[in-house]
Structure formats: C-alpha cells, structure tokens
Asker: 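One structure, as structure tokens, below. Some questions next.
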There are 2 protein chains.
Amino acid sequence: MSAPAEEIAHALSRLALYWRAAGWRAAGAQGLTPTQAEILSRLAADGPMRSGDLARQLGVSAPTLTDAVSTLAAKGLAGRQPDPLDRRAARVVLTPRGAETAALLPEMPEAIAPVLDGLADSERAGLLRGLTLVIRGLQEAGAIPVQRMCLTCRHFRPHAHEDAARPHHCAFVDAAFGDGALRLACADHEEAPEEERARHFARFAAVA
Amino acid sequence: MSAPAEEIAHALSRLALYWRAAGWRAAGAQGLTPTQAEILSRLAADGPMRSGDLARQLGVSAPTLTDAVSTLAAKGLAGRQPDPLDRRAARVVLTPRGAETAALLPEMPEAIAPVLDGLADSERAGLLRGLTLVIRGLQEAGAIPVQRMCLTCRHFRPHAHEDAARPHHCAFVDAAFGDGALRLACADHEEAPEEERARHFARFAAVA
DNA sequence: GGAATTATATTAGGAATCCTAATTAATAAC
DNA sequence: GTTATTAATTAGGATTCCTAATATAATTCC
C-alpha cells in the first residue's frame, strides 16, 4: 500500500540513465569519455589514488580501469607512480594538464542545477536526507564503497539538539546543522569505529 | 548556506555509478548487457515501440540503439516490424523468448530492495516526492523525455484534500493518495494539456 | 503536382567500455 | 622457504557509443 519502493527504484533508474547520457555530453566537450572524466574528477578531488581504489569507486573492473588510465596517459592527462609502501600497487596521478582539464569539468549535468535550485529548501533537505540514507544502506550492505560522509564520521552527532531545523551536530566544526547540510564527501571526515557508526545510523534514521 | 545542491548531485552521481554497475551484473546473469536488458524491459512494459522512441528513452543515439537491437535480434530476443503508419519507421518487438527473458530481469538491483524497505514510510515518501520533482524539472527543461507520471496526467489533482497524509486525488480511480503513492509510469496515464500541467506542477511544488 | 525540406533509421568507421580468464610480481601466511 | 593471497596488467572479444554519411519515406512549400 504505502510501498513506493518500486517507484523510487524506477525514478533512480531514469535518473541514472540521464546521468550517463549527460556524462557523455559533458565529458565529450573536453574530448573525454564519462569514465575518463570521472577518473580525473576523483583524482582532482582526492589526490593520487591506487588503481584498485579507483576501480571500486567507479564500480568497474580492474582491467577497465587500467584501460582508461592508459588512455588518459596517452593523452598526457594522467600517469602512474609506484606506491612506495606496496610495490605491487600503482598510484594514478594527474599531470598538470590533467588537473587543468579536471577543473573544466562541470560538477553536475547542466540541466540539473536550475532544477535543484528551484526546489524549496525543505524539498532539497528531504531529498538529500533520503539519498544519504540509501547510500548509507548500500554501503552497509557492501554494495558500494564507504565514503567520507557524515553518517560514518566520528565527528557526527545525530539529533544532538532540540532544534528541529538543525538537530545534528558536527564536533569538528562544533556547530549544529540540519538534514540540508549533510555531507557525502567531507574533507574533515574521520571514519568512526563500527559500533559508533551503527549507533549513529540507528539514531539518525529512527527520528523521522 | 542551506544549498545542498552539490551534495544532492554528488549523491545522484554515486547512485548512478552504482546503478550502472549493478545493471551489468543483473543483465549479465541473462547473458545481456545493461542496454539490451533495458530495451527488453521497456518493450515488456510498454509493448512494441519505435526505434527512435527507445533511443530517446534510453538516452543513447539512434545508431547505438540500432546496434543493440541488431544484437538482440541475433540472439532471437527481439525483432523489427515495419510501422504501418509510417513506412520510414521500424517498430521493435519482443519475440516470445525475449518476453520470457524480460520476465527474468529484476525490477531493481538486488541490494537496493532491502535498503528501501528499511526506510520509514515518511522517508520513502519524501524521497519519492523529491525525485519526482527532479524528474519533472528535467522533463520541463527538455533534458529527459516525458513519461507517464502523475505530474503530467489529466487525472491528477494535487492537494485536493485537507488530509495531510493523502492530499492528492486521482480522478481516474477516484481516490485520495499521498506523496508515497506518486506514480512515474502509470498504465492509466493520460497526458494533460500544457496549461494544466504547469498549473498542477506549481500547486504540487508550492505546498511543501 | 513536384521540389525542397524534414524525419526515420541504417550503414560506415573507429575509439573506448567492459567483461572474464590468464599472467606477472610482490606481499603475507605458515 | 614454500604456499597462498593480493595488486595490477595483458589477452581476447563482444558491445557500447559516438559522428558523419546514406537511403528512404513523409511533409511542406510553391
């Protein structure tokens, strides 16, 4: 009855198709494919990364990632460095030109920005909250890699305040915030221990 | 300040990557690629369709769609029929084996169902509402094709009731419903005229 | 009615994605 | 020290996906 799970999946499916198609257009403007563009963006945001980590984050196999990095290397946008800690591993790094190109890539598809800006604050906050819960659930299930999000951070204090608009607290910046300010890739993230993560998640999800 | 548009885009981006990767696994179980699986699913749900419409719905170019249909035809899962109304056009149809295969494809990635089911009713409703608004916005911008969703349906009456839990009304089934029951691909959908669509959309979005 | 335009789909050509399976090399376990 | 295990690449091949060009049919404009 009140089970719109299929409709939500339907909606996510449509958006995933759109995202992919928009990725071709945006990346194509820089002479790249979506996978190449995504690699450049990740490296620009997070610094050099091991090949395997990139593959996991993009959800592709290791050989696919190797292919894409080789192509980027041939274009002079990325390179490989041996990892000093593990000589089996290779760290993928941006070249200066790769960093320049990454800076030209849009953060999101062109058409989506005005749509999101057109939503009411409460709509955006609710949407972000729901998406965050879904991502956290998929992480919990091992379906996607853990990211630097509030829900796994040791600085996160869900529902620490009475204020309904800003119930959560970030111990790092020592400030209250609401669902609208939830982060998915915070620079100050520090992974909380398993037990604490589970406790925070339960508390966050319970108070609907 | 309360502008989590970037975070929402971030979340959608992660989910799009996951969706694509999950699509490879699910389709692969039937010996298909994600594009092929998507074509079978669409045909199974909506009946024979013109090649161009399929390409638009999947967000790929016409030649890509032609490729995929040719591959499906070689596998004995789909075929082409000339369109009696327009002899330039070709309608893509499922073979019996194609219909059987389509029935085996999961509605959503395996890991997502328990996650969505684990959300509170209000979370699911809020998430669906937000996603519906985003999709409608992208349709309005011409970025994705219009679908058979409540927000474009002539039977839809947004906020026709006082009941906060079920404020909307569907004139087709003559029943009240809430955000959680919003449909994205309703079999009884009938496209409303432009003016009515805009009016409904404004009313739906305004009452947050 | 006939010519020009537009729309639908396919073909051509080629780069890149993406997979699984097999290989090489380095680390970890025993 | 030998045996797993792990990281990454190579090998091989089907498919995706693009743009540009082509054939055909429908539509529009005189």
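Order of the sequence lines fixes the chain letters, A, B, ..., with proteins taken first and strands second; residue numbering starts at 1 for each chain.
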Asker: Would you mind building the protein contact string for nucleotides 22-27 of chain D? One character per nucleotide, 5' to 3', B for base within reach (heavy atoms under 4.0 Å), S for sugar-phosphate only, - for untouched.
Answerer: --BBS-
Asker: Within this structure, what is the CZ-CZ distance for the pair B:R20 and B:R25, rounded to the nearest 0.5 Å?
Answerer: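 Going from the CZ atom of B:R20 to the CZ atom of B:R25 covers 13.0 Å.
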Asker: Starting at CD1 of B:I39 and ending at C1' of C:dA9, how long is that distance when rounded to a whole Å?
Answerer: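 Distance, rounded to whole Å: 14 Å.
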Asker: Rounded off to whole Å, could you give me the CH2-to-P distance for the A:W19 and D:dC17 pair?
Answerer: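 Distance, rounded to whole Å: 18 Å.
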Asker: Just so I know, are the side chains of A:R136 and B:V115 near enough to count as touching, which here means a heavy-atom distance under 4.5 Å?
Answerer: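 Not in contact.
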Asker: Report, one pair per line, the protein and nucleotides 16-23 of chain C atoms (nitrogen or oxygen only) whose separation is under 3.5 Å.
Answerer:
| from | atom 1 | to | atom 2 | distance (Å) |
| --- | --- | --- | --- | --- |
| C:dA16 | O3' | A:T33 | OG1 | 3.4 |
| C:dA16 | O3' | A:Q36 | NE2 | 3.4 |
| C:dT17 | OP1 | A:T33 | OG1 | 2.6 |
| C:dC18 | OP1 | A:R20 | NH2 | 3.0 |
| C:dC18 | OP2 | A:T35 | OG1 | 2.8 |
| C:dC18 | N4 | A:D67 | OD2 | 3.1 |
| C:dC19 | OP2 | A:S61 | N | 2.7 |
| C:dC19 | OP2 | A:S61 | OG | 2.6 |
| C:dC19 | OP2 | A:T64 | OG1 | 3.1 |

Asker: D:dT16 C1' sits how many Å from B:E38 CD, rounded?
Answerer: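 B:E38 atom CD is separated from D:dT16 atom C1' by 14 Å.
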Asker: Rounded to the nearest 0.5 Å, how far does CD of B:E7 lie from CG of B:L12?
Answerer: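 One finds 11.5 Å between CG of B:L12 and CD of B:E7.
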Asker: Side chains of B:L65 and B:T35: does their closest heavy-atom pair fall under 4.5 Å?
Answerer: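 B:L65 vs B:T35: side chains apart.
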Asker: Could you tell me how far apart B:L65 (CG) and C:dT8 (P) are, to the nearest whole angstrom?
Answerer: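 Atom-to-atom, B:L65 to C:dT8, this comes out as 13 Å.
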Asker: Just by modelled atom types, is the B:L116 backbone N or O under 3.5 Å from a matching donor or acceptor in the B:R124 side chain?
Answerer: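 Yes; judged by distance alone, with no hydrogens or angles, the pair exists.
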Asker: Could you give the CZ-to-C1' distance, from B:R80 to C:dA9, as a whole number of Å?
Answerer: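 To the nearest whole Å, that distance equals 9 Å.
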Asker: To the nearest angstrom, how far is B:R56 atom CZ from C:dA7 atom C1'?
Answerer: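 Nearest whole value for this atom pair: 10 Å.
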Asker: Base, sugar-phosphate or nothing for B:R25? Non-hydrogen atoms, less than 4.0 Å.
Answerer: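 If one applies the 4.0 Å heavy-atom cut-off, B:R25 turns out to touch nothing in the nucleic acid.
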Asker: Look up atom CZ in A:R14 and atom CD1 in B:I135, then write down how far apart they are to the nearest 0.5 Å.
Answerer: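 Between atom CZ of A:R14 and atom CD1 of B:I135 there are 7.5 Å.
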Asker: Quick one: does A:K75's side chain have a donor or acceptor within less than 3.5 Å of a partner on A:L32's backbone?
Answerer: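 Checking the backbone N and O of A:L32 against the side chain of A:K75, no donor-acceptor pair under 3.5 Å is found.
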Asker: Does C:dT10 have OP1 or OP2 sitting under 4.0 Å from an N or O in the side chain of B:T66?
Answerer: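 So the side-chain polar atoms of B:T66 do come within 4.0 Å of the phosphate oxygens OP1 or OP2 of C:dT10, strictly under.
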Asker: At 4.0 Å (heavy atoms only), tell me whether B:R91 reaches a base, stays on the sugar-phosphate, or touches nothing.
Answerer: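 Here B:R91 touches no strand at all.
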Asker: In Å, rounded to the nearest 0.5 Å, how long is the span from CD of A:Q36 to CG of A:L77?
Answerer: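 A:Q36 CD to A:L77 CG: 8.0 Å, rounded to 0.5 Å.
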Asker: Please report the distance, rounded to the nearest Å, between CG in B:D83 and C1' in C:dA7.
Answerer: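 Taking atom C1' of C:dA7 as the reference, CG of B:D83 is at 13 Å.
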Asker: Quick one: pull up CD1 in A:I8 and OG in A:S13 and give me the separation to the nearest 0.5 Å.
Answerer: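 Separation between the atoms: 13.5 Å.
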